[in-house]
Amino acid sequence: MPELPEVEIVKRALEPAMVGRRVKRLVFNRADLRFPLPEGLPLALQGQRIERLLRRGKYILGFAENGAGFVLHLGMSGAVRIEPPAGTSLHEKHDHVEFHMDEGPRVVLNDPRRFGFLDAVGREDCQDYPALAAMGPEPLGNDFNAEILAVAIKGRKTPIKSALLDQRIVAGLGNIYVCEALYRAAIDPRRRAGDLNAKECTALCMSIRSVLRDAIEAGGSSLKDYKHTDGQLGYFQHHFAVYDRVGQGCGACECDIVETGGVQRIVQAGRSTFFCPEKQG
DNA sequence: CTCCTGTCCTGCCGGC
DNA sequence: TGCCGGCAGGACAGGA
């Protein structure tokens, strides 16, 4: 589910709930999600004040004053719920992890498919955490630009669609925002990544940034199950030009009334790709 | 190296 | 109404 914009929104909501507060108790309601839950984490965090949360790609990291910390990934179906301190602490199906904060809300991780994971990582060695160490630049940061992107995809024979899903090339993109970014840049998702010229890399870079910014501003995209930590829905899904819009017009050309028949769906590397053959052909 | 496939798991939707 | 197959936002291992 959650790609960079959704994770960013979750992280922003978690800050007032967690930062500056102590972890009264960290509770695991089962032994594993995608991977075994870190047995030592509850003790390492108990009584510790959370100093900082940060997002890297689709990961949320949190560090306590003693240097202990965690890395959280929501996978496809993971969601975070923040329950007010005085509220009746409702338990829902698939509530796997609960952060009970001192004099504060309860932060609940719910993940039906359990593709997400929570791991322990110290503040000092998070740079060495494998998934983070190999991760490409933050698309909204200063380290991402057309030249960097061009170097990263140089010589790659894989379709540009698949390349952009590779977190080592650029961090945080998933299937939705890759489709939308390629659409905005008017690039055919089937093109070989290494074949893009400098101008196209520039357009793609700008498109990636704009679609992510727009999505964050719109509160992310709520499809099957993504919700904000308070249960509210994002509304960027209403702004999709191509994602899950087979047969419909993309909105920018007359693709729906010419013979091409609007947005098309193809499968690349086992994933759905949506594109407008008129604009991106 | 690079690229692709299969796999983890549950829920939901459409077809029969 | 109910059952079944297919599909879903991600990431990793393993094999070609």
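The chains referred to below are lettered A, B, ... by the order of the sequence lines, with proteins before strands, and numbering in each begins at 1.
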By the 4.0 Å heavy-atom rule, please label A:Ser272 as base, sugar-phosphate, or nothing.
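If one applies the 4.0 Å heavy-atom cut-off, A:Ser272 turns out to touch the sugar-phosphate alone, with no base involved.
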
For A:Arg265, answer base if it contacts any base atom (sugar-phosphate contacts may also be present), sugar-phosphate if it contacts only those atoms, and nothing otherwise; contact means non-hydrogen atoms under 4.0 Å.
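The answer is sugar-phosphate, as A:Arg265 gets under 4.0 Å only of primed atoms, P, OP1 or OP2.
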
Can you find a heavy atom in the side chain of A:Arg34 that is under 4.5 Å from one in the side chain of A:Arg114?
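Sidechains of A:Arg114 and A:Arg34: no contact.
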
For nucleotides B:dC9 and C:dC3, find the distance between their P atoms and express it as a whole number of Å.
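These two P atoms come out 23 Å apart once rounded.
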
Candidate nucleotides [options], ranked by approach to the side chain of [X] - the nearest:
X        : options              : answer
A:Thr158 : C:dA8, B:dC3, B:dG11 : B:dC3
A:Phe115 : C:dG9, B:dC8, C:dC12 : B:dC8
A:Pro159 : C:dA8, B:dG11, B:dC4 : B:dC4
A:Lys157 : B:dC3, C:dA11, C:dG9 : B:dC3
A:Glu3   : B:dC3, C:dC12, C:dG9 : C:dG9
A:Arg156 : C:dC12, B:dC9, B:dT2 : B:dT2

Distance in angstrom units between [X] [atom1] and [N] [atom2], rounded:
X        : N      : atom1 : atom2 : value
A:Asp244 : C:dA8  : CG    : P     : 9 Å
A:Arg190 : B:dC3  : CZ    : C1'   : 19 Å
A:Lys154 : B:dC1  : NZ    : P     : 18 Å
A:Met76  : B:dT10 : CE    : C1'   : 10 Å
A:Leu173 : C:dG10 : CG    : C1'   : 13 Å
A:Asn110 : B:dT10 : CG    : C1'   : 11 Å
A:Leu165 : C:dA11 : CG    : P     : 9 Å
A:Ile169 : B:dC3  : CD1   : C1'   : 12 Å

Is [X] close enough to [N] that one of its side-chain N or O atoms is under 4.0 Å from OP1 or OP2 there?
X        : N      : answer
A:Arg192 : B:dT2  : no
A:Lys93  : B:dG11 : yes
A:His94  : B:dG11 : yes
A:Arg34  : C:dA11 : no
A:Ser77  : B:dC9  : no
A:Lys58  : C:dA11 : yes
A:Tyr243 : C:dG9  : yes
A:His73  : C:dG10 : no
A:Arg168 : C:dA11 : no

On DNA chain C, does the nearest nucleotide to A:Arg113 precede the nearest nucleotide to A:Gln167 from the 5' side, or the other way round? Give the residue.
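So the residue in question is A:Arg113.
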
Quick check: does any side chain N or O of A:Gln248 sit under 3.5 Å from a backbone N or O of A:Val263, one acting as donor and the other as acceptor?
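No, because the side chain of A:Gln248 does not come within donor-acceptor range (under 3.5 Å) of the backbone of A:Val263.
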
Are any side-chain N or O atoms of A:His228 and backbone N or O atoms of A:Ile9, one a donor and one an acceptor, separated by less than 3.5 Å?
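No, the answer is negative, given that no donor and acceptor are paired below the 3.5 Å cut-off.
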
Just wondering, more than 12 heavy atoms not from A:Arg168 lying within 6.0 Å of its CZ?
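Result for CZ/A:Arg168: open.
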
Any chance CD of A:Glu65 has more than 12 other-residue heavy atoms, nucleotides or ligands included, within less than 6.0 Å?
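Yes, CD of A:Glu65 has more than 12 neighbouring heavy atoms, counting only those of other groups under 6.0 Å.
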
Assess whether one donor atom and one acceptor atom, taken from the side chain of A:Arg114 and the base of B:dC9, lie less than 3.5 Å apart.
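By the distance-only test, no, there is no pair.
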
Would A:Lys161 and A:Asn175 count as having a side-chain donor-acceptor pair, cut-off 3.5 Å?
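Note: A:Lys161 and A:Asn175 side chains meet the donor-acceptor criterion.
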
How are the rings of A:Phe70 and A:Phe99 set relative to one another: parallel (under 30°), tilted (30 to 60°) or perpendicular (over 60°)?
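Aromatic pair A:Phe70/A:Phe99 classed tilted.
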
Mutual orientation of the aromatic rings belonging to A:Phe236 and A:Phe240 [parallel < 30°, tilted 30-60°, perpendicular > 60°]:
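Ring orientation of A:Phe236 relative to A:Phe240: perpendicular.
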
For DNA chain C, what dot-bracket results from Watson-Crick or G-U pairs at under 3.5 Å, with [ ] for crossers and | for inter-strand partners?
.|||||||.|||||||

By the side chain to side chain donor-acceptor pair (under 3.5 Å) test, which pairs, at least two apart or in different chains, include something from residues 145-157 of chain A?
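Only A:Arg156-A:Asp166 qualify under side chain to side chain donor-acceptor pair (under 3.5 Å).
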
